[in-house]
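Below: the structure, in structure tokens.
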2 protein chains.
Amino acid sequence: MITLTEENYIKTIYQLGKYGTLTVSTNSIAEAIETKASSVTDMVKKLAEKGYVNYKRYQGATLTAKGKKIAADVVRKHRLWEVFLVEKLNFSWDEVHEIAEQLEHIKSEKLINELDKLLDYPTHDPHGDPIPDKSGDIKKSDKVLLFSLAENAKGVCVGVKDTSSAFLKYLDKHKIALGSEISVVSREDFDDSMVIKINGTEMSISQTVANNLFVIEE
Amino acid sequence: MITLTEENYIKTIYQLGKYGTLTVSTNSIAEAIETKASSVTDMVKKLAEKGYVNYKRYQGATLTAKGKKIAADVVRKHRLWEVFLVEKLNFSWDEVHEIAEQLEHIKSEKLINELDKLLDYPTHDPHGDPIPDKSGDIKKSDKVLLFSLAENAKGVCVGVKDTSSAFLKYLDKHKIALGSEISVVSREDFDDSMVIKINGTEMSISQTVANNLFVIEE
DNA sequence: ATATAAATTTAGACTAATCTAAAAATAGAT
DNA sequence: ATCTATTTTTAGATTAGTCTAAATTTATAT
């Protein structure tokens, strides 16, 4: 059996190491988890014994295949729950993280598969981050800032960079939501604003807005 | 702060003591929680210090008002999640308990209120047990077995006694579900079967079925 | 190459929750 | 009322996860 604490360490190593590909220092884990480096050393040793990480003294840790699977599962659950909270329970994009931190540890394969189905198999969470599939694979995120799209390019809105409630209110007001299709009608060199088409209507948005909206280009 | 373990002890005392009204022995808590009596003594002492229970050595424990509130909250969450699992995620009535044991500890008032709304403010869980409201009050359950209803009486289906999958399949097949309105058309003294009307159609059910379906009479 | 700074690990102690085994209190039977 | 069985508590040990402070290793600057 794996404990909740162990799961959190494994998840942290996964995320700090770019989905488990890089070596992660004990200090950076300590910072992320808000604990002391000495505690991390102890835990990483234990995780190495259990076969979840590779570890050599003073050399940092990487995840084993077994560790990556655990981590991808936790991240998958976290992000699916975030989508659920936003789509079904009227949460805004900046309120969901804390609760998803709790929900990600609920153990039930059927639960998570049914949740996935209820949400219609989303590929990204409300912050635009990709959701690992059942086998832990990640559709490499090509999420980019709306600002980086060329004229006539199209994209689907997958998240926000600025999660302030002021910005979220602005988006609500203009009916820009997760999943909205946006196309760039024209760009204005003068002030870097752009005209976009969304839900069939055109509107002008400032550079600030365009630099805080993530889209996946199509 | 209250720990997950403390919450489980408080919940157990609440349930063994009929919603916190009776005194509960340390031994019975130990049996319910699957731990040793000595562990219970330690924990009950700690809960008494924190003001959640009243406790005198050798005299068992009762919940304080503060303890009852905590317990009612946990039970409320447990039962709402059970409804969610059955209504929204296609779980059957006998699969939900274990998962709800985990979900009941998720902390977020908004989450539980939104869940309540999503489910349209249910008053009973899939086993027919009442769901405490926001302030911890319980609508006293008048759930009775369908078999006990008189001719022409009406009731809403709120749960099952037999949770075997055979019985649940029978119910599914005949479109008898949580919330179905059932009226007793006639009773047959000969074999104790009864004719009921459900979803506008009449059908005959055996005594066995009638004795395993909980309804709330209207 | 050596000194110093920074990162990391070790050693030993602490807390929450548990256990076993022994002691103490209560309840039941005569 | 006294003995006995049962229940409950105490005492002391154990485990997971954490901490502080000291020791060790690695990295950096000259």
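Naming: A, B, ... by sequence-line order, numbering from 1 per chain.
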Under-3.5 Å N/O pairs linking protein and nucleotides 4-6 of chain C:
none

Exercise. Any side-chain donor-acceptor pair under 3.5 Å between B:Asn27 and B:Ser25?
Worked result: no
For this session: Start with the C-alpha distance between A:Phe147 and A:Asp192, add both sets of side-chain angles, then the distance that settles side chain to side chain contact (heavy atoms under 4.5 Å, CB included), and finish with yes or no.
Result: CA-CA 9 Å; A:Phe147 187 73; A:Asp192 286 314; 3.9 Å; yes
Exercise. Does the side chain to side chain contact (heavy atoms under 4.5 Å, CB included) test come out yes or no for B:Asn212 and B:Val160, once each step is laid out?
Worked result: CA-CA 6 Å; B:Asn212 280 295; B:Val160 286; 6.0 Å; no
For this session: Grab the CE-P distance between B:Met1 and C:dT15 for me, whole Å please.
Result: 19 Å
For this session: Could you tell me the separation between the CD atom of B:Glu31 and the C1' atom of D:dT8, rounded to a whole number of Å?
Result: 15 Å
Measuring from [X]:[atom1] to [Y]:[atom2], what's the distance to the nearest 0.5 Å?
X        : Y        : atom1 : atom2 : value
A:Ile205 : A:Ser193 : CD1   : OG    : 8.5 Å
B:Ser108 : A:Ile99  : OG    : CD1   : 3.0 Å
A:Ser135 : A:Arg76  : OG    : CZ    : 8.5 Å

Problem set entry | B:Gly17 backbone acceptor or donor facing B:Thr21 side chain under 3.5 Å | yes
Exercise. Between A:Gln102 (side chain) and B:Lys107 (backbone), is there a donor-acceptor pair under 3.5 Å?
Worked result: yes
Acceptor/donor pairs from residues 36-43 of chain A side chains to any protein atom, 3.5 angstrom cut, sequence neighbours excluded:
unit_1	atom_1	unit_2	atom_2	d
A:Thr41	OG1	A:Ala37	O	3.2

Exercise. So which pairs with a foot in residues 156-171 of chain A pass side-chain hydrogen bond (donor to acceptor under 3.5 Å, both in side chains), sequence neighbours left out?
Worked result: A:Asp162-A:Ser164
For this session: If a pair satisfies ring-ring contact (aromatic ring centres under 6.0 Å, His included) and one of its residues is in residues 22-70 of chain A, list it, with sequence neighbours excluded.
Result: none
For this session: Look at B:Asp133 together with B:Lys139 and state whether they make a salt bridge at an N to O cut-off of under 4.0 Å.
Result: no
For this session: Output yes when B:Asp73 and B:Lys77 qualify as a salt bridge under the 4.0 Å nitrogen-oxygen rule, no when they do not.
Result: no
Problem set entry | Of B:Val40 and A:Thr3, the one whose closest DNA chain D nucleotide lies more 5' | B:Val40
Identify, with sequence neighbours excluded, every residue that meets salt bridge (Lys or Arg N to Asp or Glu O under 4.0 Å) alongside [X].
X        : value
A:Arg187 : none
B:Lys50  : B:Glu6
B:Lys117 : B:Glu114

Exercise. Quick one, which residues of residues 49-58 of chain A touch DNA chain C with a heavy atom under 4.0 Å?
Worked result: A:Tyr55, A:Arg57, A:Tyr58
Exercise. Where along residues 22-30 of chain B does a heavy atom come under 4.0 Å from DNA chain C, residue by residue in number order?
Worked result: none
For this session: Name every residue in residues 98-106 of chain B that has at least one heavy atom under 4.0 Å from any atom of DNA chain D, in order of residue number, or write none if there are no such residues.
Result: none
Set out, line by line, the N/O atom pairs under 3.5 Å between protein and nucleotides 18-21 of chain D.
unit_1	atom_1	unit_2	atom_2	d
D:dT18	OP2	A:Tyr9	OH	3.2
D:dC19	OP2	A:Thr35	OG1	2.6
D:dC19	OP2	A:Lys36	N	3.0
D:dC19	OP2	A:Ser39	OG	2.8
D:dT20	O4	A:Ser38	OG	3.1

Problem set entry | Full working for side-chain hydrogen bond (donor to acceptor under 3.5 Å, both in side chains) between B:Asp125 and B:His78 | CA-CA 9 Å; B:Asp125 76 10; B:His78 182 106; 5.9 Å; no
Exercise. How would DNA chain C look in dot-bracket form, 5' to 3', counting Watson-Crick and G-U wobble pairs with both distances under 3.5 Å and writing | for bases paired to another strand?
Worked result: ||||||||||||||||||||||||||||||
Problem set entry | Over 12 non-hydrogen atoms of neighbours within 6.0 angstrom of NZ in A:Lys69 | yes
